[in-house]
Structures are given as C-alpha cells and as structure tokens.
Amino acid sequence: MTPPSANRASLDDDPVLSRPDAGTDIYQGPQGLGPTLRALREAKRISLAEVSGRLKFSVRQFEALESEKWDLLPTGVSLRGFVKNYGRFLEADIDALITMLENQVGGSRTRPTAVVDAPSLASGGDVPMHPDATTHSWGWLVIIVLILLVAGFYAIERGWIPNSWLVFDWLKSLKK
C-alpha cells in the first residue's frame with residue numbers, strides 16, 4: 001500500500017488536478033435546443049443538406065432552428081412536429097427535446113374555446129331536441145334521386161340499356 005503522501009505528490013505534479021477548482025468544472029454541454037440539435041448532428045457528421053434532403057425541410061429552416069431564430073419558424077404544433085422529426089432523425093430523446101422547446105418558446109399555445117351557456121332547465125327554458133345547426137335538409141337528396149330517375153328513363157327510351165338489364169316488363173315497354 002502506498003502512503004497518502006505519495007498520492008498527494010503525484011496529484012500536485014498534474015497542473016489540471018492541482019487546481020483548487022478542479023472538481024467544480026463540469027461540462028455543461030450545449031445550452032438550448034438549437035445548439036443541442038447542432039451538436040447531435042455534428043457528432044453524427046451529417047450536413048444540413050443531408051438532413052434537408054432526408055426530412056424534406058429547407059436548409060434555412062434547420063439553420064433557423066439550430067440558431068434559435070424562432071420568428072423564422074412556424075409556431076405551435078408545426079414547430080413541435082418539426083423538432084420531433086429532426087430528433088427522430090438524429091436518434092435523440094424526443095421527450096427531452098420537446099421539454100427544451102417548451103422551456104424556451106413556451107408551452108403549446110391553444111386557442112381559447114368559446115363556451116356557450118345552455119338554457120337553465122330549472123328556469124323552465126326549453127332545450128330543443130334537434131338544434132338548428134345539426135338539422136339536415138332532405139331536399140338535395142330528393143332532387144338528386146329525381147335527376148337519376150329521369151336520366152335512367154331517358155337512357156331506357158333511347159335504347160342505351162340492354163334488354164337483359166330490364167327486369168320488369170313495363171320497363172321493356174318504354175324502350176322503342
């Protein structure tokens with residue numbers, strides 16, 4: 001077993017290990033989503049042109065993402081999908097990338113939903129069984145059926161339909 005003083009002498013000889021703050025230097029890695037994606041891409045030695053060709057987005061869009069120029073990129077779900085596709089291509093942790101994106105850009109902004117108050121049943125208000133917005137007009141269906149019938153009878157009269165198709169005798173009598 002070596003004496004503790006021998007270990008200390010070898011540590012003191014190494015300039016990096018002898019620094020007083022040697023234990024506090026921790027590699028932080030790239031800061032932010034863009035530099036992280038750039039570092040992952042460069043570690044795999046893939047050019048932006050290769051990524052663009054594979055994922056079908058322009059090189060400018062990837063440059064904007066890697067340099068975090070958010071105003072040049074789409075927002076909301078489109079941006080999340082863009083980051084997810086890029087992350088999958090780079091074989092990165094998608095959840096971590098999305099978390100980084102939300103921390104930098106903000107959570108996915110959703111549109112406010114309008115809430116319509118229903119009439120109160122306690123106050124005696126009537127609730128219609130079929131609201132006006134959901135009723136369907138059968139008029140168009142009747143018009144389409146009538147047009148098809150007229151076209152069919154016209155085709156029979158002109159002789160465009162073979163006799164073998166005419167099942168009823170009264171249809172055969174329409175044919176000239």
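We count residues from 1, following the sequence as given.
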Quiz prompt | Atom pair CD/CE of Glu102 and Met100 - distance to nearest 0.5 Å | solution = 12.0 Å

Quiz item: Hey, any chance Phe168 and Leu166 share a hydrophobic cluster, counting ILVMFWY side chains that come within less than 4.5 Å of each other, even indirectly?
Solution: yes

Quiz item: Just by distance, do the side chain of Gln61 and the backbone of Ser58 share a donor-acceptor pair under 3.5 Å?
Solution: yes

Quiz prompt | CZ on Phe153 to CD1 on Ile161, rounded to 0.5 Å | solution = 10.0 Å

Exercise. Indicate yes or no: at least one non-hydrogen side-chain atom of Val83 is less than 4.5 angstrom from one of Arg80.
Key: no

Exercise. Please name all residues satisfying side chain to side chain contact (heavy atoms under 4.5 Å, CB included) with Ala96, sequence neighbours left out, ordered by chain then number.
Key: Asp93

Quiz item: Hey, does Lys84 have a side-chain heavy atom less than 4.5 Å from the side chain of Leu97?
Solution: no

Practice problem: Would you mind reporting whether Trp70 and Thr75 have side-chain heavy atoms less than 4.5 Å apart? | Solution: no

Quiz item: Got a donor-acceptor contact below 3.5 angstrom from the Gln104 side chain to the Leu33 backbone?
Solution: yes

Quiz prompt | hydrophobic_cluster_shared for Ile46 and Leu48, side chain cutoff 4.5 Å | solution = yes

Quiz item: Given side chains that start at C-beta, do those of Val51 and Arg41 come closer than 4.5 Å, heavy atoms only?
Solution: yes

Quiz item: Between Ala49 and Val59, which heavy-atom pair has the shortest distance, and what is it?
Solution: CA-CG2, 4.2 Å

Quiz item: Which value, rounded to the nearest 0.5 Å, describes the distance between Leu37 atom CG and Phe62 atom CZ?
Solution: 9.5 Å

Quiz item: Is a side-chain donor-acceptor pair under 3.5 Å present for Glu66 with Tyr86?
Solution: yes

Quiz item: Taking atom OG of Ser67 and atom CG of Leu73, what is their separation to the nearest 0.5 Å?
Solution: 8.0 Å

Exercise. First locate atom CG of Leu101, then atom OG1 of Thr36, and finally report the distance between them rounded to the nearest 0.5 Å.
Key: 11.5 Å

Quiz item: Does the side chain of Glu50 pick up a donor-acceptor pair with the side chain of Ser47 at under 3.5 Å?
Solution: yes

Exercise. Would you kindly confirm whether Trp138 and Leu149 end up in one hydrophobic cluster when ILVMFWY residues are joined by side chain heavy atoms under 4.5 Å apart?
Key: yes

Self-check item: Remaining members of hydrophobic cluster (4.5 Å side-chain criterion), Leu148
Solution: Ile144

Exercise. Return the set of residues passing salt bridge (Lys or Arg N to Asp or Glu O under 4.0 Å) with Lys69 (not counting sequence neighbours), or none when no residue passes.
Key: none

Exercise. Fit a plane to each ring of Phe82 and Phe57, take the angle between them on a 0 to 90° scale, and name the class: parallel (under 30°), tilted (30 to 60°) or perpendicular (over 60°).
Key: tilted

Exercise. State the CZ-CG distance between Phe89 and Leu40, to the nearest 0.5 angstrom.
Key: 12.0 Å

